[in-house]
Amino acid sequence: MPECPELHLAGRYINEACGGLVFEGGVQRSAVGRGPEVPFSSEAYRVTAASRGKELRLTLAPLGPGPSQALVFRFGMSGSFRLCEAASPPRHAHLRFFTRESPPRALCFVDPRRFGTWRLGEDWQPDRGPCVLLEYPAFRENVLTNLEDKAFDKPICEALLNQKYFNGIGNYLRAEILYRAKIPPFEKARTVLEALKHQEQNSSLTLSKKLKLKRDNPDLLELCHKVPMEVVAADKNLFDPSDSDNYAAFKNWLQCYLVPGMSSLRDRNNRTIWFQGEPGPMAPKGQKPHKKHAHLKADPEEAPTPTVTTRASKRRSGGAEKPPKPAVKEEEEKAVPDGSRKGRARGKKKVAAAPTLSEPDAPVRAKRNRTSTRRGRGEAGDFWSEGMVKGIRASRVLQDIARHPLTFCLLVSLPTFQVQPLQCEFCTLPSTHLSLWKRVTPPLLWRHAGLGCLVLL
DNA sequence: CGTCCACGTCTAC
DNA sequence: TAGACCTGGACGG
């Protein structure tokens, strides 16, 4: 399920599962893996991960002297990471990193369809934009300052898959986002986005009213951040590789994509767009929106209501659905995995030689004990109340919110506060994200309403 | 058994 | 703007 939430959760999985492990030896690549051999070997090294949009970077760092090796992965349609017994890796494990344990384990890049790949070096693919999940302000700015680009001549549903502007959005997210924004998928992208530029000044409201408005009516670009954030912050980890039962939870989270009663059409790239209501002015002709899609064995008793399904009615079958994942086979890794290799030999990929990149990056992990303010579902609760807001330099904050209407962050100033490099420990927001706020005022509290986490800085 | 479909890029007419 | 690149699950006959 690789869109940005899955990439991000894969990174979290790697950091949690491998954080305390020592790896050793070389990196093993399957005969049919898409990516290059990894010229790295070490007596003892650690593995860490970071994500950006639909890319995931692994860093192999020797415990002793010696250079680190970085790899940047794309997951294609079916990629994932998994830590398992080295002796019995899953099928289609195309890259393996071995731990230095007694029965060794292997961190595996697993990818049945092999559309995924990896490159050597630490650089993100240069023509992909900022991450919708982790670089929200930069993402928003990148879109709103480039609206003359012909990428925005297209219908919004197609523009949303353009990774130059929407790095991390994929087919299920675009459906979920447009559905919540109540925007017809084939409305022209520029029309939709131009409107966001102007609706940002909305004076004569109190701060808390504005915040509430923002929270209750997130615009399209905010939803590009907020919707994937929900997946990442879900109580039940919707994509925990070690819990195969959670696919049902994911299905249940979906409000539009694959949901019975919703309409669907093929866009100009022949990708299925799911939506509700009118398709919009740029809809391809000669295709009748086809509804239903009954072959979701997840909801057996679904009444065949011909009426337009409403929000309430489509919350199908509550938790009653059973996970549609039947087989847990995938074992019996045949010794010669894909000997066939019929048509077309593996094309020679021009491996972009990683040019040096300075990137001060190196985020200091400012560990804190998180005061667990876990609330369900992005609910801000009384945090937004007038009382809490008192004492902020409201004008500055408002000004900033107007420029970067981030519904999820709010800052409280404390005059004598020394700013330090830090990250939100929950979601590993990069320090670049924070710097935007540092310019306003030193933050004391930084809260992601979408995550329900409160971070003391 | 065969057909259709899938969470994504790429490049070749 | 088609395809190519792949495996595998769901579904129909």
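Every heavy atom of this structure was used, including side-chain atoms; hydrogens, water molecules and symmetry mates were not. Quick note on labels: first sequence line is chain A, next is B, and so on, each numbered from 1. Given the structure is predicted, the values throughout are model-derived calculations rather than measurements.
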Distance test, side-chain N/O of Arg91(A) to OP1/OP2 of dG8(C), below 4.0 Å: yes
Are a donor atom and an acceptor atom from the side chains of Ser78(A) and Asp111(A) found within less than 3.5 Å of each other? yes
Within the 4.0 Å heavy-atom criterion, would you say Arg174(A) contacts the bases, only the backbone, or no part of the nucleic acid? nothing
Any His92(A) side-chain nitrogen or oxygen under 4.0 Å from OP1 or OP2 of dG8(C): yes
Tell me whether Glu176(A) contacts the main-chain N or O of Tyr257(A) through its side chain, where contact means a donor paired with an acceptor under 3.5 Å. yes
Pair pattern of DNA chain B in dot-bracket, where unpaired bases get dots and | marks partners in another strand, Watson-Crick or G-U under 3.5 angstrom: ||||||.|||||.
Would you kindly give the CG-to-C1' distance between Leu161(A) and dT9(B), to the nearest whole Å? 11 Å
Using the aromatic ring of Phe75(A) (for Trp, its six-membered ring), decide whether it stacks on the base of dG8(B) within the limits of 5.5 Å and 30°. no
Please determine if a side-chain N or O atom of Thr272(A) lies less than 4.0 Å away from the OP1 or OP2 oxygen of dA6(B). yes
Expected output: side-chain Glu101(A) to main-chain Phe23(A) donor-acceptor under 3.5 Å: no
Heavy-atom donor-acceptor pair, Arg113(A) side-chain to dC6(C) base, under 3.5 Å: yes
So does Gln163(A) get a side-chain nitrogen or oxygen closer than 4.0 Å to the phosphate oxygens (OP1/OP2) of dG8(B)? no
Scan residues 165-174 of chain A for pairs that pass salt bridge (Lys or Arg N to Asp or Glu O under 4.0 Å), counting only residues two or more places apart or in two chains. Arg174(A)-Asp267(A)
Which of these nucleotides, dT7(C), dC5(B), dG8(B), is closest to any side-chain atom of Glu3(A)? dG8(B)
